[in-house]
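Every chain is numbered from 1, with letters handed out A, B, ... down the list of sequences.
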Amino acid sequence: MNSHRLRTGGRIDRAHPLTFTFDGTVHTGYQGDTLASALLANGVRTFTTSLTHGRPRGIYAAGVDEPNALVGLHPDPHAPDAAARPAEPMTQATVTELYDGLRATSLRGKGRLEAGRPGDHGRHDAMHAHCDVLVVGAGPAGLTAARTAASTGARVVLLDEQPEMGGSLLGTREHIADRPALEWVRHALAELAGRAETTLLTRTTAVGCYDHNYVVAAERRLPAAGGGGRLWQIRARRIVFATGAHERPLLFADNDRPGVMLAGAARTYANRYGTLPGRRAVVAANNDSAYAAALELADAGLEIARIVDARDHVPPYWAARCADRHIDVSAGHVVVGSRGGDGTVTAALLAAREGDGTASSAADCDLLLVSGGWNPAVQLHTQSGGRTRYDERLCCHVPHEPDPRRRVAGAARGLARLGDCLADGAAAGADAASDLGLSAGQTPQPPGAWEPAPLPPLWPLPACPAAGDPAAQYVDMQRDATLADIERAVGGGMRSVEHVKRYTTIGTAHDQGRTSGVTAAAATAGVLGVPVAELGTTTNRPPYTPVPFALLAGRARGRLHDPVRTTPLHAWHLARGAVFENVGQWKRPRYYPRPGEDMATAVDRECRAAREGVAAMDVSTLGKIDIQGPDAAEFLNRVYTGGFAKLRVGSCRYGVMCTADGMVFDDGVTMRLAEDRFQMSTTTGNAAAVLDWLEEWLQTEWPQLRVFCTSVTEQWAGVAVVGPRARAVLARLAPQLPLENGDFPFMAWRDAEVAGLPARVARISFSGELAFEVYVSGWDGAALWEAVLETGAVEGITPYGTETMHVLRAEKGYVIVGQDTDGSVTPQDLGMDWAVSTRKDFIGRRSHRRPDTSRPDRKHLVGLLPWDTGELLPEGSHLVCAGSGEPEARTPVPSLGHVTSSYRSAALGRTFALALVRGGRDRIGGTVHVALGDRTVAAQVTEPVFYDREGSRRDG
Amino acid sequence: MQLIPCPWCGDRDEVEFHYGGQAHLVHPADPDALSDEEWAGYLFLRDNPAGWFAERWSHAAGCRRWFNVLRHTVTHEVYGAYLPGEPVPVIAS
Amino acid sequence: MALAEPPGHPASLWRNPEPRRTYDVVIVGAGGHGLATAYYLAKNHGIEDVAVIERGWLAGGNMARNTAIIRSNYLWDESAALYEHAMKLWEGLSEELDYDVLFSQRGVLNLAHSLQDVRDGVRRVEANRLQGVDAEWLTPEQVKEFCPVVNVSPKARYPVLGATLQRRAGIARHDHVAWAYARAADALGVDLIQNCEVTGITVRGDRVTGVETDRGPVTAGRVALAVAGHSTLLAEMAGLRLPVQSHPLQALVSELLEPVLPCVVMSNAVHVYVSQAHKGELVLGAGVDQYNSYGRRGGFHVIQQQMAAALELFPAFARARVLRTWGGVVDVSPDASPIVGRTPVDGLYLNCGWGTGGFKATPGAGWVYAHTIAHDRPHPLNEPYSLERFTTGALIDEHGAAAVAH
């Protein structure tokens with residue numbers, strides 16, 4: 001147990017052991033471990049098998065750059081709420097904080113979603129923040145940036161992906177001002193925490209930087225804290241990216257064996273987690289950082305068998321320290337291959353860098369630490385439009401001419417020395433604050449010009465062709481893509497890194513090329529024989545690290561996915577067992593089944609009530625717009641196809657409005673409340689769009705019109721009282737209101753007291769029957785409704801829903817915009833020339849004169865009466881010419897049009913339909929055939945009015 | 001999520017706004033005087049530059065007012081907002 | 001449902017020639033449509049003196065960014081005919097081009113969430129059947145059977161009330177498609193010129209005479225634009241204004257997952273379209289951003305809305321992770337239908353306005369565009385898709401029934 005754990009040191013809590021299961025084996029780790037560090041401490045070397053080549057793979061890195069160690073996490077099956085807990089389909093062991101009872105299985109590159117599991121209904125919150133300076137990354141540069149900016153009084157947000165702040169300092173034994181660096185970190189954090197205007201966020205990864213300094217960051221909560229997370233959306237006036245750097249791997253044959261690891265990762269495991277990932281290491285490098293790693297590891301007890309430095313000259317500083325510890329250094333040498341036993345590395349094969357690549361010696365080891373230099377984490381910088389340039393000395397892409405609104409500091413811009421990063425961060429923080437007019441007092445000095453010794457690039461160039469078999473040199477371990485794949489892509493004609501990426505799939509896996517990107521670009525350049533700088537690099541895209549769908553969706557799920565709108569009468573509908581229909585965001589009763597009734601029976605009953613007695617409907621959802629101003633009548637004249645200028649106060653009129661393209665957009669009845677005031681009604685689903693439409697024309701085209709529009713949809717509740725007995729019911733509800741036709745004609749409105757409530761009553765009919773629509777304040781809606789039903793009980797008043805409304809209106813040939821129209825239908829197509837003025841202009845009028853729009857054989861709205869009076873034509877079915885026979889036998893069959901509305905009619909004692917039919921009005925009296933799968937049904941074409949053509953019933 | 005400067009409410013997140021496309025279109029005074037081609041031009045032809053673009057926005061979830069914005073369609077840089085009827089600002093180079 | 005690793009690519013794809021000074025036909029834009037057009041010009045019409053000129057890398061625009069859904073179940077007869085022609089070509093494409101384009105006819109579901117969705121769905125199914133396009137209407141139970149991971153609970157905010165199914169529809173691998181056409185065109189002698197930006201279109205009188213590029217002028221008797229997203233900019237070089245606007249369109253993929261989604265699922269009301277690619281990642285398309293842009297990036301809130309919608313339909317996806325998001329620039333026409341045909345400039349041809357639907361049309365679009373270029377008159381299938389329709393009013397409005405016209 002914990003065979004590779006050091007007895008002391010690190011940031012784990014040895015007093016707090018944790019038990020976990022990996023691939024069925026129970027292990028122990030400590031509070032503060034990651035799953036990866038705990039597994040290494042337990043001596044687990046082979047972690048998984050690769051996706052396509054089936055090669056054994058081990059833990060390679062210590063953070064988000066890990067390519068191999070992917071795991072699925074599973075809830076404890078014995079936990080009481082196990083079934084409700086989500087499984088984590090795929091995450092990296094290197095970023096998985098260990099907890100007691102954690103259950104993980106290794107993955108071969110693919111996660112698993114369990115279709116039967118309820119998914120994650122944990123709490124995922126959206127957080128919105130604004131700040132002066134956002135600092136991404138709390139390593140040395142980020143901490144100094146935040147400190148300096150905060151000291152100016154700037155509002156600062158500092159965030160970091162790790163559970164604790166400190167960045168790289170957590171994994172090293174660096175000193176600042178001769179004291180352990182972590183003491184300095186503690187001090188800096190205490191200072192920041194004491195500032196009221198500073199926000200510190202850990203376990204929070206900035207995953208995207210969008211337009212206008214909008215940074216999205218994912219904060220995760222541990223399962224013990226309930227899981228879930230918070231999605232921060234931060235608008236920052238200035239940003240400092242102090243995102244650090246990722247160590248670059250090396251290419252050599254069999255560079256993917258378990259036991260091959262980034263040198264910096266091993267250093268982190270030792271220093272931060274008290275774990276040595278092996279016993280005897282060979283270190284292969286081209287830069288100084290690997291020496292620091294090797295020495296700290298040696299001091300922690302790891303045997304360093306040899307340091308293989310590609311450079312010809314070892315810096316004296318490091319040479320002396322290696323000598324002190326009796327560590328052999330092979331300068332001018334490289335690793336060209338590895339040997340393995342049991343799948344894991346047993347030896348490194350060495351060769352002179354300038355040689356032909358043939359291994360000259362082997363060094364036994366169980367750990368092969370590699371360092372090819374460091375790649376600045378420029379992802380957020382480039383996402384936000386920042387450019388990079390290739391730095392020949394550092395062999396990587398560094399930020400180039402960053403926008404001052406988004407600075408880059410520290411290792412993220414290629415700095416390597418701790419002192420430089422500290423100074424650079426401080427300068428960036430001060431400059432960011434200074435942009436905003438805030439002064440840091442004494443301005444920190446940016447680090448002096450740094451001229452790092454050039455690194456020998458360690459990728460295959462034509463001059464150094466043979467670091468072993470290209471097919472065994474893994475560029476992207478997760479995708480199992482090798483140098484040979486790159487060679488093949490280039491051989492196939494690929495010249496762009498994007499093409500090579502797609503051909504080889506390098507950089508498309510979980511780590512998005514963090515380890516492979518620069519290497520792949522450089523290798524491609526090498527194979528092509530062009531400078532790396534000329535070739536460029538692939539584009540970084542958000543998110544920086546993978547983000548759960550659930551976190552992005554946040555609370556906008558289930559009931560909160562889209563707001564539900566209900567009328568003041570909703571409780572009554574619910575209590576009476578109404579079946580609802582979604583109309584836009586509204587819930588509308590579709591019908592009110594009595595016990596034992598299906599929809600057809602209920603609708604038949606409701607229709608009969610409206611036609612023969614009296615029925616009532618909740619019409620509160622209709623859009624209502626209050627239109628006021630001296631030019632209101634002129635405005636409506638321009639918006640509606642019909643004239644409204646001469647509409648008298650106290651009257652109302654039906655209107656159709658068209659798009660500029662001349663197509664029907666909405667319809668409804670508008671009341672003239674006063675010379676300068678109208679109330680427009682719109683369809684339920686279109687209310688917001690119509691208001692937008694009116695305001696757009698008013699404000700942008702006709703600002704000279706003195707008109708104002710206000711939505712009053714929810715201020716009013718409405719009840720339609722419909723049927724031959726409607727007047728009788730209303731008379732008792734509103735005894736003061738004269739209701740006879742002479743006093744209160746069709747298409748008039750009156751203010752009155754109804755059921756003791758102040759009300760507005762309109763004689764409007766969407767059924768052809770005598771009908772009154774009674775509107776009261778939304779607060780009074782329920783009272784009105786109950787009064788109507790109670791008062792009408794004598795007449796057997798029957799509540800009805802949208803389905804009955806549809807039947808009643810279709811019997812009269814009244815269209816529903818969106819059902820009988822589809823955005824390609826003019827008022828004339830609907831036979832509504834009567835609603836289109838020829839004496840004034842209106843929106844869309846000119847379009848009606850276009851050649852196609854004025855064709856006489858366009859699709860027209862007509863009625864259909866199936867020959868078989870019991871045949872209900874499915875809405876959406878199509879009409880074909882007579883004699884088409886089995887339509888599907890001889891396709892394509894031209895469609896003459898389609899059925900838009902189709903019902904069984906209690907009043908007609910038969911089925912009927914509305915249809916849009918090519919040249920339909922010329923077919924009236926003729927027969928068309930409706931294609932129904934393998935048969936056709938004949939129907940007579942009629943005028944689109946089936947009931948009470950004379951219109952005699954509306955007056956009661 | 002762009003930051004749109006409403007002249008009345010100040011800078012607000014883009015989700016509060018409706019986009020209205022090209023600004024400074026003139027509704028024909030006499031549509032009947034236009035040929036079909038000219039009418040089609042009014043209905044459907046809009047500028048679509050890759051660069052600075054004078055465009056309409058309305059603060060739909062705010063003051064509900066329409067205004068114009070000069071915005072760059074490649075960088076999404078916003079030069080500024082101005083009122084309907086005002087001329088397009090001249091960008092200082 | 002085995003999602004095998006995609007097969008490798010051929011060892012040889014295309015030459016990388018230097019542009020010559022003159023060609024019979026210059027196609028601007030080496031996306032899917034440009035490459036397919038070049039191939040069919042050579043294959044169907046014997047016109048091999050063709051250059052495809054590409055500003056960036058081949059098929060690096062919208063072809064590299066789309067969600068690769070293929071279907072032909074469009075509402076209007078004109079659309080169904082064009083897309084069905086493409087579908088038939090898709091069905092033989094791997095063989096035709098001797099390159100596995102990973103066309104997988106796994107079926108596309110279009111879900112209905114309202115009674116009007118149901119009417120529209122039935123209308124489309126019936127229209128498709130008359131057109132000879134396979135189409136079925138499924139009940140919610142049948143939806144569940146066909147795609148068990150879809151949430152058909154009546155308790156959902158917008159419950160699934162049914163769906164249309166086109167079984168022959170599915171997905172293909174976009175890179176494979178582009179590279180297959182490119183390789184085949186290259187083999188027939190077409191020059192594919194990358195990293196060469198067209199900076200002008202030369203017109204003498206009413207006739208096109210060639211293009212200016214950043215690598216020098218190229219003369220050509222015929223110039224054909226296939227530059228989705230940038231069509232108005234190129235057309236402007238020849239003095240043409242187009243009824244097209246450029247908007248961002250975003251998409252995203254998850255990490256690689258074991259098979260979980262057997263078909264393509266699309267929904268208008270709960271705005272989602274999703275499939276599981278051959279490698280295993282879930283591929284989701286988002287909505288079009290509202291503003292004009294050439295920035296190849298969209299707003300983050302669009303992605304958030306997309307994820308919320310996805311989880312309404314697929315609660316089991318909650319812990320899947322977004323691995324990568326990206327944006328393209330789409331041409332949006334007033335009726336959400338393409339413009340393919342001649343222009344007022346002789347010898348200059350136009351193929352644009354496909355909005356979000358261009359990928360699925362690739363073979364069909366290439367076929368009819370090549371015909372149009374070869375004969376200087378439209379193929380019957382693209383005759384309705386002229387520029388003139390915006391003057392006559394004969395729009396082909398796919399907005400109504402296909403707000404998600406992908």
Side-chain angles (χ1 to χ4, degrees), chain A residues 52 86 88-90 109-113 115 117-120 208 210 216 488 491-493 495-496 498-499 502-503 510 512 541-543 546-550 552-553 556-557 559 561-562 581-582 818-819 822-824 847 850-853 874-878 887-888 891-893 895 898 931, chain C residues 5 9-16 57-58 60 77 81 114-116 119-123 126-127 129-132 148-149 157-158 175 194 255-258 260 280 299-300 303-304 307-308 310-312 315-326 391-395 397 399-401:
Chain A
T52 48
E88 192 72 61
M90 180 150 77
K110 283 188 183 178
R112 180 191 297 270
L113 293 177
R117 201 166 266 286
D120 180 3
Y210 295 83
V216 176
R488 189 159 178 272
R495 295 292 176 271
S496 149
E498 295 283 0
H499 277 155
R502 286 157 181 275
Y503 190 101
H510 189 287
Q512 288 290 287
R541 304 198 183 281
V547 184
F549 285 18
L552 296 175
R557 297 174 61 186
R559 271 178 48 76
H561 176 62
D562 200 27
E581 172 188 4
N582 285 317
Q819 176 171 345
D822 62 4
S824 69
S847 292
R850 294 175 303 180
D852 190 79
T853 320
E875 289 169 347
S877 49
H878 283 254
E888 291 188 53
T891 57
V893 178
S895 165
H898 75 285
Chain C
E5 284 296 305
H9 298 284
S12 176
L13 283 162
W14 51 74
R15 302 165 291 131
N16 288 284
W57 40 284
L58 189 145
D77 289 356
S114 70
L115 297 175
Q116 190 55 40
R119 292 182 198 105
D120 291 338
V122 172
R123 177 185 176 192
E126 296 299 332
R129 286 179 172 172
L130 294 177
Q131 285 295 306
V149 73
R157 175 69 183 90
Y158 294 109
D175 288 336
Q194 303 182 67
E255 301 163 325
L256 303 194
L257 297 163
E258 303 282 351
V260 64
F300 177 71
I303 300 285
Q304 285 178 290
M307 290 291 96
L311 295 193
E312 282 301 288
F317 291 179
R319 295 304 301 175
R321 293 178 187 226
V322 176
L323 181 66
R324 185 168 69 252
T325 66
W326 65 90
T391 300
T392 66
L395 304 188
D397 195 343
H399 277 306

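Between A/Tyr503 and C/Asp175 there is no side-chain heavy-atom pair separated by less than 4.5 Å. The shortest side-chain heavy-atom distance between C/Ser114 and A/Asn582 does not fall under the 4.5 Å cut-off.
Of the possible polar contacts, one joining the A/Arg488 side chain to the C/His9 backbone as a donor-acceptor pair under 3.5 Å is found. A distance-only check finds a donor-acceptor pair linking the side chain of C/Thr325 to the backbone of A/Pro542 [under 3.5 Å].
The candidate from A/Ala550, A/Gly492, A/Pro89, A/Gly493 with the greatest count of non-hydrogen atom pairs under 4.5 Å with chain C is A/Gly492. Among A/Ser496, A/Gly823, A/Pro874, the residue with the largest count of heavy-atom pairs under 4.5 Å with chain C is A/Ser496.
With a 4.5 angstrom heavy-atom cutoff, C/Gln304 touches chain A via backbone and side-chain atoms both. With a 4.5 angstrom heavy-atom cutoff, A/Arg502 touches chain C via backbone and side-chain atoms both. With a 4.5 Å cut-off on non-hydrogen atoms, A/Tyr210 touches chain C through its side chain but not through its backbone. Residue C/Gln131 touches chain A through both its backbone and its side chain, counting heavy-atom pairs closer than 4.5 Å. Contact of C/Ile303 with chain A is made through the side chain alone, with heavy-atom distances under 4.5 Å. Neither the backbone nor the side chain of A/Ser847 comes within contact range of chain C; no heavy atoms are under 4.5 Å apart. Heavy-atom distances place both the backbone and the side chain of C/Leu323 under 4.5 Å from chain A. Looking at A/Glu581, only its side chain comes within 4.5 Å of chain C, counting heavy atoms on both sides. Contacts of A/Gln512 with chain C are made by side-chain atoms alone, with heavy-atom separations under 4.5 Å and no backbone atom involved.
For the residue pair C/Leu256 and A/Met90, the shortest heavy atom distance occurs at O-CE, 3.4 Å.
Classified by interplanar angle (parallel below 30°, tilted 30° to 60°, perpendicular above 60°), the ring pair A/His499/C/Trp57 is perpendicular.
A distance of 7.5 Å separates CG of C/Asp120 from NE2 of A/His898, quoted to the nearest 0.5 Å.
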field: Test log, rule salt bridge (Lys or Arg N to Asp or Glu O under 4.0 Å), inputs A/Lys110 and C/Glu258
entry: CA-CA 6 Å; A/Lys110 283 188 183 178; C/Glu258 303 282 351; 5.6 Å; no

message: Set out, in order, the CA-CA distance, both residues' side-chain angles and the distance that settles side chain to side chain contact (heavy atoms under 4.5 Å, CB included) for C/Arg123 and A/Asp822, then state yes or no.
response: CA-CA 12 Å; C/Arg123 177 185 176 192; A/Asp822 62 4; 2.8 Å; yes

